[in-house]
Amino acid sequence: MERVPLERKVLNENARVASELRVRFTERGILCLNLISSPGSGKTTLLERTLESFPASERVALLTGDIQTENDARRLARFGFPVKQITTGGTCHLDARMIERALADWVLEDIDLLLIENVGNLVCPSSYDLGEAAKIVVLSVTEGEEKPLKYPSIFFKSELMILNKTDLLPHVPFDVAAAEQNARQIHAGIEIVRVSCMNRDGVDNWLGWLQRKRAAARLAAVSATQP
Amino acid sequence: MHEMGIANAVLDAVRVEALRFPGSHVCKVALRIGELAGVAPDSLSFCFEALVRGTEMEPLTLEIQYCPRRHQCRRCGCSFSAGIEGLPCPECGGVDSFFAGGDELEIAYLEVEDGARTAGT
């Protein structure tokens with residue numbers, strides 16, 4: 001019997017495609033964000049609030065993943081920006097190959113913000129790198145403040161946590177401070193923005209975060225091309 | 001759950017690596033799975049066994065090395081298992097530490113039956 005050390009990632013094919021995508025995005029100054037949450041936490045509505053704040057000239061494109069139906073793409077297409085639905089047909093997450101295929105007939109030079117709405121699931125999407133600059137986890141106040149402790153992987157890997165549906169706080173027993181403390185226990189450096197997509201509280205904070213990240217992505221691409 | 005896809009990716013890797021050892025049989029594959037990897041070891045083992053059963057890959061066993069979250073203390077430099085509850089360093093009590101492992105999803109090694117030694121790698 002011989003033991004052969006391998007030291008390779010299990011998902012190394014996904015990692016390879018994701019790193020190719022990341023190079024394509026960063027070279028062009030495209031900010032790619034991967035939004036992950038449980039089903040029904042409000043990812044699509046958050047994207048609607050985001051798109052409605054943009055002028056028509058905004059260079060944004062969206063990919064939205066679901067197991068079935070084109071409903072989300074229809075909701076998001078109303079704003080006139082390029083949107084493509086990825087229906088996974090049963091798979092509980094998006095992978096890098098799906099993103100690569102979805103982008104095949106888009107001209108990347110025409111966009112500088114790519115928003116990916118992952119399949120509603122707090123577990124599996126956390127394992128699959130899509131070439132994004134950052135993962136964003138959306139947690140809604142109807143879900144319980146222990147979610148970060150129960151699903152540590154996605155909170156650990158996300159740069160930003162959006163605490164959504166804050167308009168419902170008067171009606172649900174949700175402890176905001178405990179939820180935020182739990183998230184920071186898993187990931188000390190996680191940024192947190194509280195948002196209500198119904199009354200727009202906090203939406204500007206989210207948009208501000210987004211614009212800061214976009215500026216940083218543009219700057220990084222420009223400095224990379226300087227001799 | 002995505003453990004079936006992970007199990008498939010492990011078996012793909014085993015198939016590819018097995019080509020390096022013609023005439024031999026890969027009988028074991030060992031994985032390192034961190035507690036932050038988002039993969040359930042029991043579910044993965046179940047999927048793995050289901051995929052291997054009745055194929056030419058039998059007998060093939062799966063070993064899972066579960067890796068707890070680890071931190072390293074910035075003050076005294078010691079590494080410790082951090083879990084998800086509280087992070088002070090068990091050696092010096094320092095609260096400033098950085099993440100040093102626990103999100104692994106890696107193949108550590110294969111075991112190949114005798115005969116592998118003759119293979120060129």
Side-chain angles (χ1 to χ4, degrees), chain A residues 1-18 36 38 65 67 88-98 118-129 135 137 146-158 181-190, chain B residues 1-14 16-18 20-21 24-40 43-44 69 71 82-87 95-99 102-119 121:
Chain A
M1 206 74 80
E2 187 180 5
R3 185 171 285 196
V4 184
L6 274 193
E7 302 301 337
R8 54 172 276 179
K9 288 183 180 176
V10 169
L11 298 173
N12 70 344
E13 177 59 15
N14 188 76
R16 188 185 64 74
V17 177
I36 297 173
S38 322
I67 289 175
T88 64
T91 305
C92 51
H93 58 268
L94 297 177
D95 64 35
R97 191 66 84 182
M98 297 177 195
N118 217 310
V119 179
N121 179 341
L122 272 182
V123 184
C124 312
S126 79
S127 299
Y128 291 82
D129 184 1
K135 291 182 173 65
V137 60
E146 288 185 345
K147 274 270 165 77
L149 302 179
K150 291 178 175 171
Y151 301 87
S153 178
I154 187 55
F155 289 88
F156 176 73
K157 291 176 182 173
S158 293
Q181 189 190 347
N182 289 340
R184 292 197 168 103
Q185 192 171 325
I186 299 300
H187 179 180
I190 197 167
Chain B
M1 292 303 120
H2 63 321
E3 278 72 11
M4 193 59 92
I6 304 280
N8 247 325
V10 172
L11 290 174
D12 284 345
V14 170
V16 168
E17 296 296 330
R20 293 162 53 199
F21 307 99
S24 301
H25 185 80
V26 177
C27 48
K28 183 176 177 182
V29 53
L31 305 184
R32 270 193 293 269
I33 298 182
E35 72 171 301
L36 293 168
V39 174
S43 169
L44 179 61
R69 178 174 185 167
H71 273 236
I84 56 168
E85 308 291 337
L87 296 176
V95 291
D96 188 12
S97 65
F98 60 90
F99 178 78
D103 62 346
E104 298 84 352
L105 183 52
E106 301 161 352
I107 304 179
Y109 67 85
L110 301 178
E111 271 184 13
V112 184
E113 70 178 1
D114 288 348
R117 263 178 277 277
T118 59
T121 56

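Sequence lines set the chain letters: A, B, ... in the order given, protein chains first and strands last, and positions in each chain run from 1.
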What residue in A/G189, A/S127, A/S126 has the most heavy-atom pairs under 4.5 Å with chain B? A/S127
Please step through side-chain contact (heavy atoms from CB on, under 4.5 Å) for the pair B/R69 and A/I186, ending with a clear verdict. CA-CA 10 Å; B/R69 178 174 185 167; A/I186 299 300; 4.2 Å; yes
What do you reckon, is NZ of A/K9 surrounded by more than 12 foreign heavy atoms closer than 6.0 Å? no
What distance do A/L11 atom CG and B/I107 atom CD1 have between them, rounded to the nearest 0.5 Å? 9.5 Å
My understanding is that only residues two or more places apart in sequence, or in another chain, count here; which of them pass salt bridge (Lys or Arg N to Asp or Glu O under 4.0 Å) with B/E17? A/R8, B/R20
For B/G38 and A/V123 the tightest heavy-atom approach is O-CG1, 3.6 Å
Counting only heavy atoms closer than 4.5 Å, note whether B/A37 contacts chain A via side chain, backbone, both or neither. backbone
Rounded to the nearest 0.5 angstrom, the CD-CG distance for A/E13 and B/D12 is 9.5 Å
Rounded to the nearest 0.5 Å, what's the gap from CD on A/E2 to SG on B/C27? Could you check? 11.0 Å
Set of ring pair (Phe, Tyr, Trp, His ring centres under 6.0 Å) partners for B/Y109, sequence neighbours left out: none
Measure B/I33 against the heavy atoms of chain A and call it side chain, backbone, both or neither at under 4.5 Å. neither
Distance (rounded to the nearest 0.5 Å) between A/L6 CG and B/R32 CZ: 10.0 Å
Could you measure the distance from the CG atom of B/L105 to the CG atom of A/N12? Nearest 0.5 Å is fine. 10.5 Å
With a 4.5 angstrom heavy-atom cut-off, could you sort out which part of A/Y128 is near chain B: side chain, backbone, both or neither? side chain
Which word best sums up how the rings of A/H93 and B/H2 line up, parallel for under 30°, tilted for 30 to 60°, or perpendicular for over 60°? perpendicular
Hey, is A/R3 close enough to B/E111 for a salt bridge, meaning N to O under 4.0 Å? yes
